[in-house]
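Comments concern the structure below.
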Amino acid sequence: MENHKMSVDTQSVAHPKTKGFPAEVSLNRLRQFGMPIALIVIVIYFSLASDVFLTGQNFRNVALQAAALSAVAVGQCFVILNADLDLSVGSAVALISVISAMAMAAAGAPVGIAAGLLTGAAIGLVNGLVVTRLRVMAFIATLAMLSIAQGLALRISKGVPITGIPGSFADLAFANVLGVPLPFLIAAALVVLGFLTLHFTRLGRNIYAVGGNTEAARLSGISVSKTKIAAYVVSGLCAAIASLILTARVGTGQPTLGASMSLESVAAVVLGGVSLFGGRGSIAGVAIGVGFVSILSNGLNLLNVSSYTQMMIVGAALIAAVAADQALTHKK
Amino acid sequence: MENHKMSVDTQSVAHPKTKGFPAEVSLNRLRQFGMPIALIVIVIYFSLASDVFLTGQNFRNVALQAAALSAVAVGQCFVILNADLDLSVGSAVALISVISAMAMAAAGAPVGIAAGLLTGAAIGLVNGLVVTRLRVMAFIATLAMLSIAQGLALRISKGVPITGIPGSFADLAFANVLGVPLPFLIAAALVVLGFLTLHFTRLGRNIYAVGGNTEAARLSGISVSKTKIAAYVVSGLCAAIASLILTARVGTGQPTLGASMSLESVAAVVLGGVSLFGGRGSIAGVAIGVGFVSILSNGLNLLNVSSYTQMMIVGAALIAAVAADQALTHKK
Amino acid sequence: MTDEPASPDDVVVQVRELSKVYPGVTALSNVEFDLRRGEIHALIGENGAGKSSLIRILSGDSRPSAGVLRVNGKLEHFSSPQDARRAGIVTVFQELSIVPALTVAENVVLGNQPATDLLGRIYSRRLARERTRSVFQTLGVSIDPDCRAETLSTGEMQLVEIARALLLDAPVLILDEPTASLSDSEAARLLDIMVRLRNAGKSLIFVSHRLGEALKVADRITVLRNGERVETRERHQVADTSELIQMMVGGRLERLFPTPNTNIGGVLFSAEGLTRRGKFEDISFAIRSGEILGFSGLVGAGRTEVMRSIIGADPLDAGRIVKHGVHFRVRDPRHAIETGIAYLSEDRKGAGLVLSLSGYENIVLSAMPRMFRSGYVNWTRVRAVASEIAQRMRFRGQLGSMTSTYSGGNQQKIAIGKCILSGADLLIFDEPTRGVDIGAKAEIYQLLHEAAEAGAAVVVVSSELPELMNIAHRILVMSAGRITGSFARSEFDEKTLLAAAFAGHAGANDKAPESLAA
Amino acid sequence: AGKPKIGIAMPTVEGDWYSAVLYGAETEAEKLGYEVVVLDAGGFGHPEKQVDQISNLIVQQVKAILTDPIDPATLDGAVRTAHQTGIPVIGLGTPVISANIEPDAAATSSQCQLGELMADGAKRLLPNGGTIAALAGPPGAYWATERYACFVKSIAGAKIDIVAERNSEEDPATALSIANDLLQRFPKVSLFYAADDTYGVGAGRAIQQAGRCGAVQVLMAGFGKAAEDTMRGGCAQFVVAQRTVLIGRTASDLADKLARGETPASRLVEVPFLSITPDHVGEVPLADIRQPADWKP
Ligand SMILES: Nc1ncnc2c1ncn2[C@@H]1O[C@H](COP(=O)(O)OP(=O)(O)OP(=O)(O)O)[C@@H](O)[C@H]1O
Ligand SMILES: Nc1ncnc2c1ncn2[C@@H]1O[C@H](COP(=O)(O)OP(=O)(O)OP(=O)(O)O)[C@@H](O)[C@H]1O
Ligand SMILES: [Mg+2]
Ligand SMILES: [Mg+2]
């Protein structure tokens, strides 16, 4: 007999890796250490440095400002977990703003909201189809969509803002529920919904599997295309919600709305510990990433730091936060 | 009977699978088919549709316009092959422009050029160190650097252009050598140099290895950090060359120069068939990617397509080109 | 030869005139193959013979260039593994397909996640865990379903994949080298399960380079050579492994193991008190020039971890290393290569090879600094040097194409070639013959022998005890992170070695599994 | 083939100002019998693209080039090349000033004068002095820098303090967030300076949200529809508007004259401004400021 290898009934052997608490939990804990600490550090710093930072009014401010970015980041997180990328969100927000504002002006807020959501889903669907069926790399596909949606938004709006949005809709942006701004509640609900979807549905688990190892997922019979398309549609819907929030805030349909959101949302997601290579990270981290970016910018404004200096400080703070996170995580 | 295992001399057996041409060549050929074809298609189309497209003057134009983007894309290609990303090039170009213009105004063109190159190398070095030593993800590290360099450029220049560049330097941008614009020659030389470096030096091969499988490269004795840092420095130097070309063209040191180059250079590289996940692709493809983008935009301008429509056409053309490329490449 | 067609309703999977051509490579030509209901059909052949290519077509992962495939008499054109699953064919592929960041339980239910609601949308962690536990129990493994898959050793990952396939309870189960990284008891258990499934009427295709396994469980055996079917035989028509080998390679037989080198020099390398907390403790050993030192132990004993720390891939908490009388600390793998220590990883896909590069480049990867001091790479030289090594390794394939297209065994040969070429005089080989055909094994043993003869010190980590007993001058046994025995060649004895392997597991049931008692 | 061409090189084609100026220039040029080629540099971050635009237009042998320079100083080389081929370059909104080249012509409303008029507005709104927070425009954009610099210079001595200034992208949502933060930091601020109506609408919304329209005033340049709504809603108190459509028309006229080899009466046409307050918001000659709603660029 040729195969006299030695081994043992492993059931009886204590395994070094199964000792202590499960690896999943410990890794997640560590992974979620650094950024929350960075967030707490800047909150403490700003509280000491500015006397208006730690007020209810300012927190409502920050919450309101962070709402749209959070919404976009939730969708972006789905796509990035899949090892894809959605750069189109920036102008998807603009296109949705224009279309829903026109629909609202013509047929009222509910129709406008529906039109916005539909547009978002359609953009996501096209992105997903282009990436899966035409096998165009996500970067190019969504950059192309960024350009297409921008052109379309400008064409439809003829380059100028759309006015005539019902005041009742615009007022929603300023509504508070139990003292909390409504847009923030919507965004928070979206984060929770995103979390639940990613962790407790088969779609969510498939997204992690496809992002973590596409080949393994495919060989195990998971439909990679369907999973990717679903993630893009989620991203489109989230962009629609963000767009509606922003449209209500500025009170007009804007063909240039949210241009910086493509990169910002990716940054927030990556900052939250989600790997651009897919399959790793959690939406809880993303919320912290959005919080970090938003509070940083709010705090610097409260300290009345000049714009140019702010740019430098924001850059340095991003590096410092992630470096601290990494130092805490891999203490090899 | 355990040791009496047998074997046979298989060297004498003819192998059917080594018939035909080597797979290496065929794979590369296929990979390089789609985009050149797309490029040829648009060139033919524009030649038929516009009577000025196929003129020497227009080709000089395109060559001049493509020069800076090519230079940046060469550096970006080094970084992306390494499975990293350099988003900082956009504002690196601006910062280098401001610094070299100031140096030139004070001490003449040679000093200014040296200052520009040094600044570029320094930015690359910092990027590389932040990515490798502080283990900050490339996306965040270079996005942070984008912000820092932008802030610095605006601060140094106080937000206004730096004038006083020697006319002799500015004239270089409009100089022709044997009828070919000098900036284009410089960019072309850079592409060739990049190609040679990637294919015929250890650094180049290490970049492919690290990008292809970081762990395997590390265990094989390749210094991952050094390789990554070197790629970032190359990217910084390329950005410096692009910045000097642009500075000469606009005749002033501009604190907002080249802002779109971050995404454009990544797009050109990806379009050229280089994988964002590293290790695959060639700089020849990148040259074709830059050519495609530049000629597309030039042709659409000549056809007098309205700006909004152009945005949509550019997006659609990107998708079409890549989809065609993919359809030709993977015929599984 | 039993080639007469079986009665149609007996045949579950039928393949006729199947060919598969890759650019420049004919992986399969005109292959005929039948899988009957309720049989275990072994598929054997050298590395690159086309076994996995056939399996990939049967399981919908790739499409044939020509030929037909029928499942239960119905013509099928699979376009994805999903299609094959729907038709009742489930496969464990040769290359591991594990999602590292997910838990073990999630990997086991991958593609088949249990749901709690009627629509099947809500994922049930509890059910996933339960199902994982129960299938693990059948397999006799004790991996925690909640730990991350990336922390598993290669063998454990293999078990997870097998569990995934078993859970589906499909009528046709295909296993491509499932035992390559399993230890004997796990492999034996798997073979038992296969027999049970066969007896329950399932059909199985089984690939293995361990010919003994094929002879033990198969009802029929098909031999492939160079992409063609040599023949299919009933089990009782095959006398022994040597007959199979003859069918596989179609030629003359020679010895598998070389006579050990007798020219042993002075101590070349020694490790003193190496410790990495939680992984291994107080590992000390010395190795002389010309010597082959075997490392034996159970799966998860910590051998790989020790080797990785020696080359600086993982940190050490304590201990030091002495080479040629100089003691130093290895900073990183590059430093290890510079000081003449080369390492072959047990995980060739993850840590051994750059699959996107050609074979040429992988072979010279570690030797580059030595070969091209100026930094300029001379491709003519690369090709010449790499071709020579590949020829010595009896590599079959095209060195110029991407390594990802090579058969598993050929990839292994490239990885070994890289270590040999690095010019190191301490060679550490972790499972060097995993997934390698028997002819190539002989070749690898010969290479190890030659390296030792040329004065190198060779460390071989292997789970195959007979292999170590035949090639090593000495064997160290590790158990639960400690060295529990050291044996000179004259003391080699399976029982003693096994006892040492169990020594570290106090409180465990200390007797060797029955499968080894015979 | 056919009609002679006039080229227009724009920094961007998004927003009220750009649409209106394009409308003026395009319709006038078309009326004069030209085909119009409009190029877009995609924003203020790409001065180099504008140089490309000029050379792309030269290749097309346009009769004249209208351009709104991102930064006038960058066009030196490009204008020189144009002159070599005999193509005049006309400033559209901002003159093409350069060190070495005699400007051909320009139809402008001086950015500096606009800043001064805004300073007058500030003095009117804050007769007893007060504090200003400035949304100063996109970083590095010539028009914004120049406008703001002159504004700052001419409010000097009026007991008006600028307590904060920010440069940001031209996006109303971003402007809104910044205005929000500044209101938080400086609750007693009396006036927001907004570089144009995109920023102004953002500031107006922020103040509206805080329920302080009127208590905190808004001063902006530009009078798009959204700006008008803001003013009518009581959240903007003073607008200095350029007669954008008129600027475009005048520039096209100048181009036509130069292209036909005529010498225009004046090479540098200053198009006067409109100062708009809530009292006479209904009396604004909108035809000079905005394109009709059904016009497509
Ligand atoms: N994607 C591919 N592209 C090109 N050639 C390929 C590809 N996949 C397999 N081949 C070639 O097909 C031949 C058969 O490979 P296959 O993997 O079927 O061998 P195998 O019998 O499974 O060998 P092993 O025992 O080493 O696993 C090999 O020469 C291999 O190089
Ligand atoms: N990154 C990791 N995190 C946690 N545990 C790990 C990690 N890598 C390996 N292990 C575990 O450490 C133990 C020792 O593994 P090692 O690979 O050194 O054993 P080995 O003796 O080489 O056995 P094998 O034959 O399975 O390779 C294994 O049980 C393995 O599961
Ligand atoms: Mg195989
Ligand atoms: Mg091991």
Side-chain angles (χ1 to χ4, degrees), chain A residues 1-28 31 81 196-206 208-226 274-275 277-282 331-332, chain C residues 61 80-82 85 91 93 97-103 106 110-113 115 120-123 140-144 146-148 151 164 183-187 210-213 241 278-279 296-300 302 315 463-466 480-481 494 497-498 501-502 505 508-509 512-513 516:
Chain A
M1 287 292 299
E2 37 181 338
N3 307 319
H4 288 252
K5 299 216 299 190
M6 339 195 283
S7 172
V8 74
D9 182 336
T10 41
Q11 266 170 325
S12 51
V13 178
H15 259 259
K17 66 190 169 301
T18 50
K19 276 183 288 190
F21 49 96
E24 182 185 32
V25 177
S26 73
L27 275 171
N28 274 341
R31 172 72 250 175
L81 277 174
L196 295 177
T197 307
L198 283 175
H199 289 268
F200 296 103
T201 69
R202 286 174 58 187
L203 170 66
R205 299 327 291 168
N206 284 349
Y208 274 97
V210 168
N213 186 344
T214 310
E215 192 59 12
R218 194 177 67 85
L219 292 178
S220 308
I222 292 174
S223 170
V224 174
S225 305
K226 275 192 200 157
V274 177
S275 160
F277 296 96
R280 279 162 205 268
S282 145
K331 276 190 297 204
K332 262 216 173 150
Chain C
D61 182 29
S80 73
Q82 237 180 337
R85 281 192 168 204
T91 307
F93 291 90
S97 49
I98 291 285
V99 186
L102 293 185
T103 66
E106 286 196 285
L110 201 67
N112 176 33
Q113 292 101 330
R121 297 254 152 83
I122 307 296
Y123 169 66
V141 296
S142 68
I143 306 170
D144 177 1
D146 289 325
C147 75
R148 284 199 187 210
T151 65
R164 184 192 296 161
S183 62
D184 213 37
S185 71
E186 284 141 347
R210 300 180 186 170
L211 304 177
E213 291 179 346
T241 50
K279 303 284 183 186
S296 183
L298 309 172
V299 164
S463 301
E464 279 192 58
L465 198 44
E494 259 181 44
L497 286 163
L498 270 172
F502 283 97
H505 302 287
N509 72 348
L516 297 177

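In the text below, chain A, chain B and the rest are named by the order of the sequence lines, each starting its count at 1.
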Looking only at heavy atoms, which two atoms of [X] and [Y] are closest? And how far apart?
X        : Y        : answer
A:Arg280 : C:Ala101 : CG-CB, 3.6 Å
C:Leu102 : A:Tyr208 : CD2-CB, 3.7 Å
C:Tyr123 : A:Arg205 : CD2-CG, 3.5 Å

For residues C:Ser97 and A:Arg218, determine if any side-chain heavy atom of one lies less than 4.5 Å from a side-chain heavy atom of the other.
-> no
Please determine, among C:Asn112, C:Ile98, C:Ile122, C:Leu110, the option with the most heavy-atom pairs under 4.5 Å with chain A.
-> C:Leu110
Quick one: of C:Pro100, C:Ala115, C:Ser80, C:Pro81, who has the most non-hydrogen atom pairs under 4.5 Å with chain A?
-> C:Pro81
Is it the side chain or the backbone of A:Ser223 that comes within 4.5 Å of chain C heavy atoms, both, or neither?
-> both
Across all chains, not counting sequence neighbours, the ring-ring contact (aromatic ring centres under 6.0 Å, His included) partners of A:Phe277 are B:Phe277
C:Gln113 side, atom CD; A:Leu203 side, atom CG - distance, nearest 0.5 Å = 10.0 Å
